Amino acid sequence: MKKHLTFAVAFAALACGTAAYAQSDFSAQLKARQGQFRIMAINLGIIGDMAQGKSEYNAEAAQAAADTLVAVSMIQQAPMWPAGSDNMAIEGTRAQPNIWEQNDDFLAKWGDFGTAAKAIQAAAAGGVEGLGPVMGQVGGACKACHDTYRAPAN
Amino acid sequence: MRRGLGLGALGLAALAAAAFFVTGATPIDDSPLAGRASDPAKGETIFIASGCASCHAAPDAKDDAKLILAGGQRFESDFGTFIAPNISPHPDAGIGSWTLGEFASAVKKGVSPEGQHYYPAFPYGSYLHMDDQDVVDLWAYWQTLPADATPSQPHEVGFPFNIRRSVGVWKLLYLDDTWVVQTADTPELERGRYLVEALAHCGECHTPRDALGGMNRANWLGGAPNPTGRGTIPSLRPADLTWEPTEIAYYLETGFTPDFDSAGGHMVAVIENFAKLPASDRQAVAAYLKALP
């Protein structure tokens, strides 16, 4: 009996330890949220290179990239940003604690990205001239959020 | 012995007097400014390029509210925290009662109308290159801005940096009215130099500073630790910033890097300003950076 109890306590301790580890690591959430920004960057690059004349304008490719941006904007954010996954608490992120202190504003800024993505979606197939202004709009949305909530690179 | 002591004391007093003299704050000679016509529209461009609102607007002010220069933003440094003052045209809380000459003294020499030194968190070490006509136009534009009654807050600076006279020594050591890049042999390079070295005061953050906070001009735009203590401000020298000129110009317009990451931190404000300037100005900055030795 006593032996069983010891085992049980040891198991419980182990289980708690594992849970605590999983909670402070957040590697899956970091990969997910950083991955979505990568997808954004790649697709913005397709449109931005056309806007700058670095690559030839292609309405179909621009539309596909813009549709992808809108798709990213529809990913629900909350599950990827658990409390405690900020740059003061863990390594591997530039997310500042004020994301959680001013979460409504943070999510509103994410919403602004969605608005800008829809503007790109509407303009993408309409010719290269239309890309510059909407890229400016999405650039503004990116900066507005990064200005407040992302720590500088090291 | 006693006589020696007396002489020593006399010497010290003389030294102190000399130090007092050289660390004094003398206003600018405003005679070159007198009688000039002013153009507030041109002044607006100077205002944008110089980034006045980026530091002097209220914290978190957006869009048109950025034209209200109420102050209040905090700037951390190794010497303490500086709090941007109200420089709106309010006659009491701001600088509305100043003369053009007093404004020029502040911008180009870091000297207040009361004859005090401003701390070099105010980038007069860069603005000292500003053309006289641009100062006149800037002041004319200033008169069109909204006044705000928010009182300025005192800086949070400890001893010995709270002795304003020590800034006089700093000025002697570091203020330099020669260009860092001596040759700018096309109009584009000249414009780029004026924007980078003077108005946009890029060197203030991108150039490393020595122990007393002076810019190390030998490592001009060579990158520096962020004065907030978090992260690094990148080098803009050609060996480090390998972007194409068109990519630099595009970054200054949209905030997108060549791999479509985007700007953050104080650079966001800088890009908001550059986006409002003509494309030729962004290209001029790119040309200047690419031509750095």
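Since the structure is predicted, the reported quantities are computational estimates derived from the model, not experimental observations. Side chains are part of it too, since the values below use all heavy atoms of this structure and drop only hydrogens, waters and symmetry mates. Within every chain, numbering begins at 1; the chains are lettered A, B, ... in the order of the sequence lines, protein sequences first and strands thereafter.
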Does CZ belonging to R217(B) count more than 12 external heavy atoms closer than 6.0 Å? yes

Report, as yes or no, whether the 6.0 Å neighbourhood of atom NZ on K42(B) holds more than 12 heavy atoms from other residues, nucleotides or ligands. no

Rounded to the nearest 0.5 Å, what separation is found between the NZ atom of K143(A) and the OG atom of S262(B)? 8.0 Å

Under 4.5 Å, counting heavy-atom pairs only, tell me which of G132(A), G140(A), G48(A) racks up the most with chain B. G48(A)

Rounded to the nearest 0.5 Å, what's the gap from CZ on F260(B) to CG on N43(A)? Could you check? 11.0 Å

Over all atoms of both residues, closest heavy-atom pair of C142(A) and F256(B): SG-CE2, 4.0 Å

Is there side-chain contact between Y250(B) and M135(A), with at least one heavy-atom pair below 4.5 Å? yes

Ionic contact status for R150(A) with D261(B), cut-off 4.0 Å: yes

Please say whether more than 12 non-hydrogen atoms of neighbouring residues, nucleotides or ligands are located less than 6.0 Å from CD in E101(A). yes

If you round to the nearest 0.5 Å, how far is CG of D259(B) from CG of L44(A)? 11.0 Å

From NE2 (H266(B)) to CG (D147(A)), nearest 0.5 Å: 9.0 Å

Count the heavy-atom pairs under 4.5 Å between each of G255(B), P258(B), P234(B), A263(B) and chain A, then report the option with the highest count. A263(B)

Tell me whether the count of non-hydrogen atoms from other residues, nucleotides or ligands lying under 6.0 Å of NZ in K290(B) goes above 12. yes

Could you tell me whether D60(B) atom CG has more than 12 heavy atoms of other residues or ligands within 6.0 Å of it? no

One thing to verify: whether E247(B) and K54(A) come together as a salt bridge, which I'm taking to mean a side-chain N less than 4.0 angstrom from a carboxylate O. yes

Counting only heavy atoms not in D210(B), do more than 12 fall under 6.0 Å of its CG? yes

